[in-house]
Amino acid sequence: MAENNKEKADIGLIGLAVMGQNLILNMNDHGFTVACFNRTVSKVDQFLNNEAKGTNVIGVHSIEELVQSLKKPRRVMLLVQAGTAVDDFINKLIPLLDQGDIIIDGGNSLYKDSIRRAKEIEDKGFLFIGTGVSGGEEGARIGPSLMPGGSEKAWEHVKPIFQKIAAKADGEPCCDWVGPSGSGHFVKMVHNGIEYGDMQLICEIYNIMKDILNMSNDEIADTFTEWNKGTLDSFLIEITANILRYQEKGKHVVDLIRDSAGQKGTGKWTGIAALEYGVPVTLIGESVFARCLSSLIDERGRASTQLKGPNVQDFDGDKKQFIEYLGQALYASKIISYAQGFMLMRQAAKEYSWKLNYGSIALMWRGGCIIRSVFLGNIKAAYDKNESLENLLLDHFFTDAINKCQQGWRKVIATATVYGIPIPCLSTALAFYDGYRSKRLPANLIQAQRDYFGAHTYELLDNPGTYVHTNWTGHGGNVTASTYIH
Ligand SMILES: *[C@@H]1O[C@H](CO)[C@@H](O)[C@H](O)[C@H]1NC(C)=O
Ligand SMILES: *[C@@H]1O[C@H](CO)[C@@H](O)[C@H](O)[C@H]1NC(C)=O
Ligand SMILES: *[C@@H]1O[C@H](CO)[C@@H](O)[C@H](O)[C@H]1NC(C)=O
Ligand SMILES: *[C@@H]1O[C@H](CO)[C@@H](O)[C@H](O)[C@H]1NC(C)=O
Ligand SMILES: *[C@@H]1O[C@H](CO)[C@@H](O)[C@H](O)[C@H]1NC(C)=O
């Protein structure tokens with residue numbers, strides 16, 4: 001058979017776990033011919049005989065066969081476990097590909113790996129795209145959010161497929177070119193970090209409703225359903241209401257679940273990036289730590305018998321009013337979290353000389369993905385209005401929104417504190433807000449302390465850029481760390 005006749009697939013996909021399968025079926029629905037391969041080849045036949053039965057999907061039993069089945073320039077997408085599996089497949093593909101062929105990594109890879117892989121692959125004359133894929137199994141099937149970055153020359157060959165299969169929001173695909181290598185996976189990482197924060201915020205509100213307001217699961221669900229009709233309209237609020245209502249054998253399942261949260265690492269990576277680039281992404285950081293604290297479940301059990309909380313009366317305030325405050329606290333904290341996430345992307349863009357389009361990132365997250373919400377439409381509008389906006393909080397829409405929420409937000413934090421309910425994310429959001437809007441912070445004293453014990457020097461307010469040292473003790477050398485001897 002002539003080689004040409006075999007080259008009929010638009011794209012090859014490696015990895016037939018659920019995400020891979022669903023993405024293939026999605027591409028097939030949109031008229032693309034997909035060739036698929038899995039290391040355990042029996043999986044290919046199984047897929048072809050079941051989920052992919054009656055479709056145009058082509059099953060292949062080797063990487064060689066996969067490569068031969070593809071139109072040129074070849075597009076091969078990996079949906080395998082992040083880490084060495086990605087490098088293994090890249091190494092197997094490279095000798096079989098032609099110059100200009102494209103390798104796409106759609107897994108949850110660390111952005112630094114994507115930067116390294118792009119360089120290695122481009123150096124050999126091939127093109128690489130690292131793309132974030134969000135939306136879970138359902139998103140992959142009916143329309144995910146896609147965040148591709150890497151070799152720009154590859155984009156025109158991948159764009160028609162990606163933008164067709166992506167979710168649509170306000171008529172536009174939730175997929176656009178993010179930027180150079182690493183940027184796609186970086187943006188996906190921040191997306192996941194924000195997802196951690198949103199989830200923890202909702203949990204803190206639920207905790208307050210349950211333990212201070214004594215609301216039932218159904219009452220809480222009704223409140224979330226109500227909120228879901230307004231500014232808080234989002235996928236996570238919607239599913240939370242569904243979860244809270246769900247019963248089996250007359251019992252709410254949520255009450256039966258062990259309160260020890262797992263994590264796969266993208267939230268942690270966001271925190272690490274925040275520390276590395278010196279950006280105060282405090283809310284995502286707290287949300288990761290909140291999961292860590294939850295997982296100390298046995299230790300907490302022991303501590304709970306010894307460590308006392310406050311002695312408080314049952315809540316006797318205006319419950320309806322307080323629920324309104326809770327909505328405001330959630331909304332304000334969410335604004336802070338997204339502002340922090342965009343601050344992190346802005347700093348990374350500086351570090352790596354990426355030109356990120358923040359409005360377009362907001363649009364990519366507007367639909368298809370786990371953090372999809374009406375709110376992201378407002379963020380897109382803010383960046384569309386002013387591309388060089390220094391911080392989301394400085395956009396008039398958000399300045400006003402947070403201002404309107406401020407009193408309720410503070411009351412919620414004060415009340416939760418008095419009642420001893422942990423609210424790490426709600427409260428760190430407010431601490432950030434109060435810090436960010438402060439012309440003066442007490443860091444003058446930090447500088448003095450550093451200079452006192454370590455002669456680290458400091459700048460004067462009226463003469464920045466010039467570093468001075470004070471002889472604080474009037475004795476000894478420059479380093480005066482010997483005062484406290486007890
Ligand atoms: C093959 O398919 C299984 C699902 O049955 C999946 O867990 C695995 O990651 C796939 N692996 C590769 C490398 O294709
Ligand atoms: C909490 O709600 C339950 C169920 O509605 C009720 O039986 C109980 O008395 C309430 N507790 C307090 C302290 O209000
Ligand atoms: C856009 O944002 C920048 C930085 O925040 C600000 O200096 C500028 O005034 C804004 N422009 C408009 C038109 O609002
Ligand atoms: C600090 O002041 C004391 C007392 O005036 C003086 O003896 C000492 O040399 C000074 N140290 C330095 C590093 O200037
Ligand atoms: C003490 O600090 C001053 C100012 O930084 C510096 O000029 C000087 O050399 C230092 N002296 C010693 C003994 O380290």
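When a ligand or atom number is given, it counts from 1 through the structure's own listing order.
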Atom 5 (O) of ligand 1: closest protein heavy atom, distance to 0.1 Å, is K43 CD, 2.9 Å
Please find out if less than 6.0 Å separates the ring center of F375 from that of Y338.
yes
Is any heavy atom of the protein nearer than 4.0 Å to atom 9 (O) of ligand 3?
no
*asked:* If you take the centroid of each ring, where Trp contributes its six-membered ring, are W409 and Y331 closer together than 6.0 Å?
replied: no
A student checking ligand 3 against S388 at a 4.0 Å heavy-atom cut-off should list atoms 2 (O), 3 (C), 4 (C)
shortest atom 2 (O) of ligand 2-to-protein heavy-atom contact is with N214 ND2, 2.3 Å
Shortest non-hydrogen pair, I129 vs W177, comes out as CD1-CZ3, 3.9 Å
Closest to atom 3 (C) of ligand 1 among protein heavy atoms sits N38 OD1, 3.8 Å
Note: ligand 1 atoms sitting under 4.0 Å from heavy atoms of V80 are 13 (C)
Looking only at protein heavy atoms, what sits closest to atom 6 (C) of ligand 1 is A17 CB, 3.9 Å
All heavy atoms of C369 vs all of H191, minimum pair found to be CB-NE2, 3.3 Å
Less than 4.0 Å is my threshold; does some heavy atom of G15 fall inside it relative to ligand 1? yes
Within the 4.0 Å heavy-atom cut-off, what R39 brings close to ligand 1 is both
Quick check against the 3.5 Å criterion: does Q340 have a side-chain atom that pairs as donor or acceptor with the backbone of P280? yes
For atom 13 (C) of ligand 1, the closest protein heavy atom turns out to be F89 CE1, 3.4 Å
All heavy atoms of L48 vs all of I58, minimum pair found to be CD2-C, 4.5 Å
query: Applying a strict 4.0 Å limit to heavy atoms, is T40 in contact with ligand 1?
result: no
So that I can tick it off, tell me whether D101 and R75 are bridged by a salt bridge, with the cut-off set at under 4.0 angstrom between side-chain N and carboxylate O.
no
The atoms of ligand 3 lying under 4.0 Å from a heavy atom of L389, numbered in the order shown, are 2 (O), 5 (O)
| query | So, Y383 versus F342, ring centres under 6.0 angstrom or not? | reply | yes
shortest atom 1 (C) of ligand 3-to-protein heavy-atom contact is with N386 ND2, 1.4 Å
Closest heavy-atom pair, K411 versus T415, reported as atoms and distance to 0.1 Å, is O-OG1, 2.7 Å
Donor-acceptor pair, distance only, cut-off 3.5 Å: does the side chain of R74 make one with the backbone of V67?
yes
In ligand 2, the atoms that come under 4.0 Å of a heavy atom of D314 are 13 (C)
So the atoms of ligand 3 within less than 4.0 Å of a heavy atom of E390 turn out to be 4 (C), 5 (O)
